[in-house]
Amino acid sequence: MLAGLLILGLVGLRIVNMVRKVQFQGHRRQVIPWTEIYRGVHYTSRRLPDSPQGGGMMYMVRVDLNVPGTSIYLRPYFKMESDALSGFYHLKYPWQFVKREHLAVTVNGTFFAPLPSHRSLPGPLRSLILYGELASQAGPIVINHHVAGTKAHGVFIWWGDDLTPHMKIHSWKQNLKDLEIGRFAVANWYPLVQNGQLGNDAEPAATDKLHARTALGIATGNKLIYLAAFEHASLLLVARQLSKAGVPDAIAFDGGGSSCMTIGEQARNIKPGTVLGGLRPVGSVFGIRVVGGDEDQLADRA
């Protein structure tokens, strides 16, 4: 019991320190029209009308991969001898990578599965996702042509060496060739949006739980990436909003307490910082880096 209380106290101190570092900014929950915050990176936020499918704030970033120096960041995983096929992480906060990796924007990535390591905690605390805890990648992911994660059928968004995005829905064997030639790839079981239409992931939304959501969208022909975070939404609402914004293809990232979006420190026209989430450590992290852009942003802000 005493050990449990001590751990609870340490967790509380960690949360206080974490909230201080997250640095929620003044533009959080404010409506902002499409605004260029880095060269080729635009940001918008707006309040969604309340409905049975959700409401609250929607935050969205559109990234033009045609702009020189713009690239994708996927948090590297590591492998263990006991399971050489899977990727593993020590759970960390998405916003930590903004400063460390000089990112323009970051969100939480694909699904992860914490490995049980705190069974000695009191019953109500055993479901906590703790900072530094070991977790495995749920579903396949590709970083610099290396594939990790469990084999799965579903929808894959991948980028070649020229960073042109693609989305395909096939069996694992059919997708494996694309994944092996892809520089980066992420996956989910169903699409949110496919060819501009609502995908299979939006179908069960009539009974879907409403909570925070994160989504990734692409436009292959224009080499665009869309990152979206929702405060309180069903998958159906997310799919509708992405389709309304002109996103041709999209998948959901991990949702609920994992949902997070942080804007980089050198952003112009808005204040940087976390606009949604950031209180739960995660495994995979998806971000955008604007190489050589720091000097440009500083000059713009001067």
Legend entry - Step-by-step side-chain contact (heavy atoms from CB on, under 4.5 Å) determination, Cys260 to Val282: CA-CA 10 Å; Cys260 178; Val282 301; over 6 Å; no
Inset, instruction - Please step through side-chain contact (heavy atoms from CB on, under 4.5 Å) for the pair Ile263 and Tyr59, ending with a clear verdict. - result: CA-CA 11 Å; Ile263 305 300; Tyr59 306 93; over 6 Å; no
Inset, instruction - Test side-chain contact (heavy atoms from CB on, under 4.5 Å) on Lys92 and Arg100 and set out the steps. - result: CA-CA 12 Å; Lys92 295 186 178 181; Arg100 181 182 307 173; 3.6 Å; yes
Inset, instruction - Show your working on side-chain contact (heavy atoms from CB on, under 4.5 Å) between His42 and Thr35 and close with a plain yes or no. - result: CA-CA 5 Å; His42 291 76; Thr35 301; over 6 Å; no
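Screening Tyr73, Trp159, Phe184, Phe97 for a ring pair (Phe, Tyr, Trp, His ring centres under 6.0 Å) involving Phe286 leaves a single residue, Trp159.
In this structure, Ser258 contributes its side chain and Gly256 its backbone to no donor-acceptor pair below 3.5 Å. For the pair Arg75 (side chain) and Gly283 (backbone), a donor-acceptor distance under 3.5 Å is present. Using modelled atom types, no side-chain atom of Arg39 and backbone atom of Val67 make a donor-acceptor pair closer than 3.5 Å. Between the Thr44 side chain and the Met60 main chain, no donor and acceptor come within less than 3.5 Å of each other. A donor-acceptor pair under 3.5 Å is absent between the side-chain atoms of Thr110 and the main chain of Phe253, judged by distance alone. At distances below 3.5 Å, not a single donor-acceptor pair connects side-chain atoms of Gln137 with backbone N or O atoms of Gly87. For the pair His145 (side chain) and Gly182 (backbone), a donor-acceptor distance under 3.5 Å is present. Without hydrogens or angle criteria, Asp161 side chain to Arg183 main chain gives no donor-acceptor distance under 3.5 Å. A donor-acceptor pair under 3.5 Å is absent between the side-chain atoms of Thr70 and the main chain of Val290, judged by distance alone. Although no hydrogens or angles enter the test, the distance criterion places a donor-acceptor pair under 3.5 Å between the side chain of Tyr38 and the main chain of Gln266.
Side-chain contact between Asn108 and Val285: absent, with no pair of heavy atoms (C-beta onward) separated by less than 4.5 Å. Considering only heavy atoms from C-beta on, Ile32 comes within 4.5 Å of Ile270 through its side chain. Ile251 is not listed as a side-chain neighbour of Phe156, based on a closest heavy-atom distance of 4.5 Å or more. Using a 4.5 Å cut-off on side-chain heavy atoms (C-beta onward), Met57 and Val275 make no contact. For the pair Ile72/Ile225, a side-chain contact is recorded, criterion being any heavy-atom separation below 4.5 Å from C-beta on. Looking at Pro94 and Thr262, their side chains never come closer than 4.5 Å, going by heavy atoms from C-beta outward. Annotation: side chain of Ile288 is not in contact with side chain of Val61 (no heavy-atom distance under 4.5 Å). Contact of the Arg240 side chain with the Gln53 side chain is registered, since non-hydrogen atoms from C-beta on lie closer than 4.5 Å.
By the 30° and 60° cut-offs, the orientation of the rings of Tyr131 relative to Tyr93 is parallel.
For Gln197, the CD atom counts as loosely surrounded, since its 6.0 Å shell holds 12 or fewer non-hydrogen atoms of other residues, nucleotides or ligands.
No side-chain donor-acceptor contact under 3.5 Å links Asp249 and His166. Under 3.5 Å, the side chains of Ser259 and Thr214 contain a donor-acceptor pair of N or O atoms.
The CH2 atom of Trp189 sits 15.0 Å away from atom CD1 of Ile169, with the distance rounded to the nearest 0.5 Å. Atom CZ of Arg47 is separated from atom CE of Met58 by 12.5 Å, given to the nearest 0.5 angstrom. If you take CG on Asp64 and NZ on Lys223, they are separated by 8.5 Å, rounding to the nearest 0.5 Å. Expressed to the nearest 0.5 Å, how far OH of Tyr190 lies from CG of Leu235 amounts to 12.0 Å. Atom CZ of Arg268 and atom CD1 of Ile37 lie 9.5 Å apart (nearest 0.5 Å). From Thr220, atom OG1 reaches atom CG of Asn195 across 9.0 Å, with rounding to the nearest 0.5 Å.
The cluster map of Ile, Leu, Val, Met, Phe, Trp and Tyr, joined by side-chain heavy atoms under 4.5 Å apart, puts Val98 and Val107 in different clusters. A continuous path of Ile, Leu, Val, Met, Phe, Trp and Tyr side chains, each step under 4.5 Å between heavy atoms, connects Leu276 with Val41, placing both in one hydrophobic cluster.
A centroid separation of 6.0 Å or more is found between the aromatic rings of Tyr89 and Phe112.
Listed by chain and residue number, nothing satisfies the salt bridge (charged side-chain N to carboxylate O under 4.0 Å, His left out) test with Arg62 (two or more places apart in sequence, or in another chain).
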